[in-house]
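Here is how names work: the chains are called A, B, and so on, in the same order as the sequence lines, proteins then strands, and each is numbered from 1.
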2 protein chains.
Amino acid sequence: MPRSQRTPFVILGLLGISNRQPRSGYEIKKAIDTVVSSFWHESNGQIYPALKRLASSGLIEIRADIKKGRPKKLYLITPKGRERLRAWLASPIEIGRPRDELMLKLFFGSETDIPTLIGHVEAHRDRAKGMLEKCSQWEKENSANPGSHRPFFNLTLGAGTALSEANLRWAEESLRILATMPAAKAKS
Amino acid sequence: MPRSQRTPFVILGLLGISNRQPRSGYEIKKAIDTVVSSFWHESNGQIYPALKRLASSGLIEIRADIKKGRPKKLYLITPKGRERLRAWLASPIEIGRPRDELMLKLFFGSETDIPTLIGHVEAHRDRAKGMLEKCSQWEKENSANPGSHRPFFNLTLGAGTALSEANLRWAEESLRILATMPAAKAKS
DNA sequence: TAGCACATGTAATAAGTTACATGATTTT
DNA sequence: AAAATCATGTAACTTATTACATGTGCTA
């Protein structure tokens, strides 16, 4: 959805929270794919050009550029970059325009057969289950480390848990409903 | 998210379920903006070119072309189009890559102040409330018309209700948590 | 007669993905 | 010695939005 240009802010955010630790593009990509992967993604095709633009506008700076051995550029957020990040964090949330293919296919349900729909909802249920497991895994790690309170991560964790529970419950309820429906159109 | 090209299938789906009733591009856009708006969207810049491509590949056909008076092209799905729609409905759901700006901003919460975060979560709570109201409105209309069972719409309605309830509960819980946090960084 | 809803479309631009190229280092 | 991982990047392409152009018919 072509909108504001949020890639630079994800980078700024990750450099912002990694306190004074310079990070490489590769590390940023890794972080996106692991720690925020359940609510954000970026491709290399977005990250590396954004890094260049951020550096040339002085919002980040190259702190180390290891040429010998493995090539690696380490970036650090500048005060100007922190300011820009803060401004973005305070700006209103851009609501993502909805594009939920499962809902669309269910809505067009009369044009296909019940077993097909059941398959889609089962897959959705399994994804929700997987997500829920991931969340409780994180919660377990949290209580194992009582020293490190990560209050903001915990808010997002709570959302993940709440949403996947709701998805799971809805899927199971919907599967019960679908099971009672006449298989009007036989499978092909 | 550049993926399969789903616009034509939304069109095919809407023409598919509007039993034998030919529809104009304008009506299709209207339908998207009203009946499926909570889980899908399309712009005119997508719809009209897609309509052309669908017609030239024989998946839809112009049933009426009113030139006199208000210009209007009415499209109807062809048997070939129905086949294509069915195949798409049976194909696996393409999972939308996540891009949840609220979660991202919460995750970077340490880089801003608590009142800012509270503002974002309040806005989210209000959106969830609005959605929930819309859902119960639809449910009311459903029980008012006991004759017309719309089982597939009801599945999507159930999802809308479940998800917005979960969002609402999470938001309220999170606001309680945020209220207890020290306003470490004062507002600017 | 002004304004709104109806109606169809296009051009410029932006955002984002995919797939690849390139090469170093570490692990098996 | 092969394979995996670390590491940086680019080019071609697709999808999508935004903003506009153009015109009709109805209604206040």
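- Lys29(A) comes within contact range of no nucleotide atom at all, as no heavy-atom separation falls under 4.0 Å.
- Position along DNA chain C of the nearest nucleotide to Ser43(A) versus Arg70(A) favours Ser43(A) as the more 5'-ward residue.
- Rounded to an integer number of Å, the gap from Asn44(B) CG to dT15(D) P is 19 Å.
- Within the nucleic acid shown, Gly25(A) comes within 4.0 Å of sugar-phosphate atoms alone, with no base atom in reach, counting heavy atoms only.
- The listed nucleotides are dA16(D), dT17(C), dT24(D); the one nearest the side chain of Pro71(B) is dT24(D).
- Counting only heavy atoms from C-beta on, Tyr48(B) has its side chain closest to dT8(C) among dT17(C), dA24(C), dT8(C).
- Comparing Pro49(A) and Lys72(A) against DNA chain D, the residue whose closest nucleotide sits nearer the 5' end is Lys72(A).
- OP1 or OP2 of dG16(C) has at least one side-chain nitrogen or oxygen of Arg99(B) nearer than 4.0 Å.
- Counting non-hydrogen atoms under 4.0 angstrom, Ser24(A) reaches the backbone sugars and phosphates but no base.
- Between Lys29(B) and Glu27(B) there is no salt bridge, since none of the side-chain N atoms of the basic residue sits less than 4.0 Å from a carboxylate O of the acidic one.
- Among the atoms of the strands shown, only primed sugar atoms or phosphate atoms (P, OP1, OP2) are found under 4.0 Å from some heavy atom of Gln5(A).
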Check your understanding: Can you check side-chain contact (heavy atoms from CB on, under 4.5 Å) on Phe107(A) and Phe39(B), steps first, answer last?
Key -> CA-CA 10 Å; Phe107(A) 187 79; Phe39(B) 51 82; 3.9 Å; yes

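- A salt bridge between Glu42(B) and Arg99(A) is present, with a side-chain N of the basic residue lying under 4.0 Å from a carboxylate O of the acidic one.
- Under a 4.0 Å N-O distance rule, the pair Glu173(B)/Arg176(B) qualifies as a salt bridge.
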